[in-house]
Protein chains: 2
Amino acid sequence: MRRAIQGEAQPIEAGSAAERQPPQRALTARLRPVNRPETLGDQAYRSLRTALRRGALSPGERLTTREIAATLGVSLTPAREALNRLVAERVLEQGPDRTVIVPILTRDRYEELCVIRLNLEGLAAEIGCTKMTAAQLARMEALYTAHGEAYRRRATKDALRLNEDFHFMIYGAAGMPSLLQILETLWLQVGPSMNLLFPVSYDAGWKGGRHHAAMLEAIRRRDPKALVRAVQRDLEDGRAVLKRLLPE
Amino acid sequence: MRRAIQGEAQPIEAGSAAERQPPQRALTARLRPVNRPETLGDQAYRSLRTALRRGALSPGERLTTREIAATLGVSLTPAREALNRLVAERVLEQGPDRTVIVPILTRDRYEELCVIRLNLEGLAAEIGCTKMTAAQLARMEALYTAHGEAYRRRATKDALRLNEDFHFMIYGAAGMPSLLQILETLWLQVGPSMNLLFPVSYDAGWKGGRHHAAMLEAIRRRDPKALVRAVQRDLEDGRAVLKRLLPE
DNA sequence: AACCGTTGCATGATATAACACATATCAGTA
DNA sequence: TACTGATATGTGTTATATCATGCAACGGTT
């Protein structure tokens with residue numbers, strides 16, 4: 001056996017049992033750290049978050065701690081933690097007498113969010129353009145075709161999801177975690193109403209596809225300014241359509 | 001008595017007991033809503049927040065739920081809620097095995113925050129410039145002199161506080177609550193290290209006063225572009241000084 | 001019929017208990 | 001002396017109990 005032979009090849013002064021073992025890489029190279037499960041609170045948070053992104057929760061809907069807890073099969077504590085976190089991010093809202101509700105996006109609020117997004121998404125795009133790898137670009141092209149397909153199939157939920165992935169592939173490439181987190185919560189704040197209104201805005205004629213093509217082209221040419229313009233135009237188009245549909 | 005005389009002056013057809021009373025304004029105009037105390041969780045949150053702003057908590061310090069709870073005289077639940085909220089805002093940080101620590105601001109992280117702030121504070125200043133009222137401007141001028149005085153007195157904590165108030169008077173005038181909240185958490189993220197390093201950066205010569213004067217002048221002239229420039233110069237000056245002092 | 005107070009239920013807020021895990025302390029052994 | 005293993009302590013996480021509050025249904029009064 002190789003092991004025994006290797007062992008005998010060791011220097012003679014090795015006397016202890018440990019040193020008779022064949023030489024091996026450090027333990028950390030052979031053992032993977034255990035998979036430490038995330039807390040129930042984090043799971044509840046992510047669960048609510050994806051529900052929000054999918055439009056499973058409608059604006060104005062009231063969320064109670066106990067119902068969330070019962071639905072997710074956990075106690076009040078993790079459910080409450082998740083709700084508090086979402087409220088802190090302004091993704092959910094404190095209603096009267098401390099109830100938590102899915103916010104109803106007003107025109108003013110949407111306008112404010114858009115102004116912030118125009119700046120921040122432009123910033124992220126400008127930086128992301130220079131740092132994007134070839135692999136990321138390839139992934140974006142795949143997302144582009146998938147998005148166009150879902151769009152034509154009128155699979156609005158899929159299209160929304162793919163649109164989000166497409167955008168965040170750019171923003172993520174910037175390598176700015178704080179900025180990315182801000183952008184995620186901003187998107188999440190418009191998400192629920194977006195899901196509700198998208199079928200309408202779809203019929204109103206959305207030119208997202210054209211802008212996405214321009215974005216890809218700008219990235220291929222490594223032209224940050226052009227990318228910023230395309231990203232902002234995309235956002236402004238959506239804004240023009242959605243603004244008329246929002247209340248107040 | 002005036003009331004009785006007023007009462008007798010009422011039209012005669014008033015017969016019921018209620019109608020014999022003198023005319024009065026609606027109840028809501030005479031009764032203030034009860035002072036509904038904020039929850040212990042919110043109080044704990046604000047308490048930690050002001051401690052952070054004052055530099056009472058040092059970067060790297062470890063915060064335990066039980067110690068916070070004991071210090072504030074509440075149970076674990078509100079203390080935990082406050083910590084979670086601050087972690088969600090990235091004002092505090094998750095250390096190894098879910099401990100909460102005051103983040104140590106690295107150079108890269110500070111750089112990222114500055115880039116975001118240059119954009120967002122510029123945006124807030126541009127809008128705030130056009131919306132600022134005369135009363136707000138007067139308040140800013142008072143803050144300006146108070147800040148300069150604290151600066152000369154080398155009362156660094158006071159100077160920092162007044163500097164913050166001065167800036168946020170502009171940003172608040174923009175009337176964009178979401179943007180304001182983002183800016184507040186961004187400032188809070190640099191706050192602890194700022195408090196630690198400011199005495200040093202003070203000696204290194206800070207030209208904040210000049211920029212503040214330029215800001216005031218720009219507001220008086222209602223010149224948004226000039227205000228944006230002044231705000232960004234101010235931030236860039238601070239960045240140049242602080243960047244060298246940060247680790248990594 | 002309209003109004004109003006009462007009662008019971010659901011809910012959020014808080015405290016507390018129970019549990020798993022990590023670190024520190026310390027004694028025992030090579 | 002250096003290292004190993006056990007124990008104690010502290011901590012985060014989660015569940016549960018308790019309390020005050022808001023709301024809705026109900027029934028009595030005018």
Side-chain angles (χ1 to χ4, degrees), chain A residues 13-21 26-28 31-48 57 60-88 91-103, chain B residues 15-19 27 31 33-48 57 60-89 91-103:
Chain A
E13 87 276 9
S16 81
E19 280 169 318
R20 252 200 305 273
Q21 300 301 321
L27 257 187
T28 60
L31 251 41
R32 287 293 115 224
V34 296
N35 183 22
R36 196 177 306 261
E38 61 179 347
T39 67
L40 296 183
D42 288 342
Q43 290 183 54
Y45 169 75
R46 285 200 311 126
S47 185
L48 280 173
L57 271 34
E61 191 170 352
R62 187 154 162 264
L63 301 180
T64 70
T65 310
R66 283 177 168 85
E67 188 173 358
I68 303 280
T71 305
L72 301 182
V74 296
S75 80
L76 297 185
T77 311
R80 181 176 158 78
E81 176 184 327
L83 286 176
N84 279 333
R85 197 161 153 191
L86 263 349
V87 168
V91 173
L92 295 180
E93 199 173 66
Q94 293 262 43
D97 38 82
R98 308 196 190 288
T99 58
V100 173
I101 57 179
V102 182
Chain B
S16 82
E19 280 169 319
L27 257 187
L31 249 41
V34 297
N35 184 20
R36 196 178 305 262
E38 60 180 348
T39 68
L40 295 184
D42 287 342
Q43 289 183 55
Y45 169 74
R46 286 199 312 125
S47 185
L48 281 172
L57 271 34
E61 189 169 352
R62 184 154 166 261
L63 301 180
T64 70
T65 310
R66 283 176 169 85
E67 189 173 355
I68 303 282
T71 305
L72 301 182
V74 297
S75 79
L76 296 186
T77 312
R80 181 176 158 80
E81 176 184 326
L83 287 175
N84 279 333
R85 195 161 155 190
L86 289 167
V87 169
E89 289 173 347
V91 172
L92 296 179
E93 200 174 65
Q94 294 258 49
D97 41 79
R98 308 194 190 288
T99 60
V100 172
I101 59 179
V102 183

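A, B, ... follow the sequence lines: proteins, then strands. Residue 1 opens every chain. For the numbers below, each heavy atom of this structure counts, side chains included, while hydrogens, waters and symmetry mates do not.
With sequence neighbours excluded, the residues satisfying side-chain contact (heavy atoms from CB on, under 4.5 Å) with B:V87 are B:L92, B:Q94, B:V100. Take A:D97 and apply the side-chain hydrogen bond (donor to acceptor under 3.5 Å, both in side chains) test, not counting sequence neighbours, and it matches no residue. Residues passing the side-chain hydrogen bond (donor to acceptor under 3.5 Å, both in side chains) test with A:T64: none are found, sequence neighbours excluded. By the side-chain contact (heavy atoms from CB on, under 4.5 Å) test, A:I101 pairs with A:R62, A:E93, A:T99, sequence neighbours left out. When the side-chain hydrogen bond (donor to acceptor under 3.5 Å, both in side chains) test is applied to B:R46, the partners found at least two apart in sequence or on another chain are B:E38. Listed by chain and residue number, A:D42 satisfy the side-chain hydrogen bond (donor to acceptor under 3.5 Å, both in side chains) test with A:T39 (two or more places apart in sequence, or in another chain).
Backbone-only engagement by B:L63 is indicated by non-hydrogen atom pairs under 4.0 Å involving sugar-phosphate atoms exclusively. Note on A:L83: nothing from the nucleic acid sits closer than 4.0 angstrom, heavy atoms only.
The span of DNA chain C lying next to chain A, judged by atoms under 4.0 Å from heavy atoms, is bounded 5' to 3' by C:dT11 to C:dA22.
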Please report the C-alpha distance between B:N84 and A:N84 in whole Å, then the side-chain angles of each, then the deciding distance to 0.1 Å, and finally whether the side chain to side chain contact (heavy atoms under 4.5 Å, CB included) criterion is met. CA-CA 9 Å; B:N84 279 333; A:N84 279 333; over 6 Å; no
Treat primed atoms plus P, OP1 and OP2 as sugar-phosphate and everything else as base, then score nucleotides 13-25 of chain D 5' to 3': B for base contact with protein heavy atoms under 4.0 Å, S for sugar-phosphate contact only, - for none. SBBB-----SS--
Exercise answer: donor-acceptor pairs, residues 65-77 of chain A side-chain atoms, under 3.5 Å, sequence neighbours excluded:
unit_1: A:T71; atom_1: OG1; unit_2: A:E67; atom_2: O; d: 2.7
unit_1: A:S75; atom_1: OG; unit_2: A:T77; atom_2: N; d: 3.4

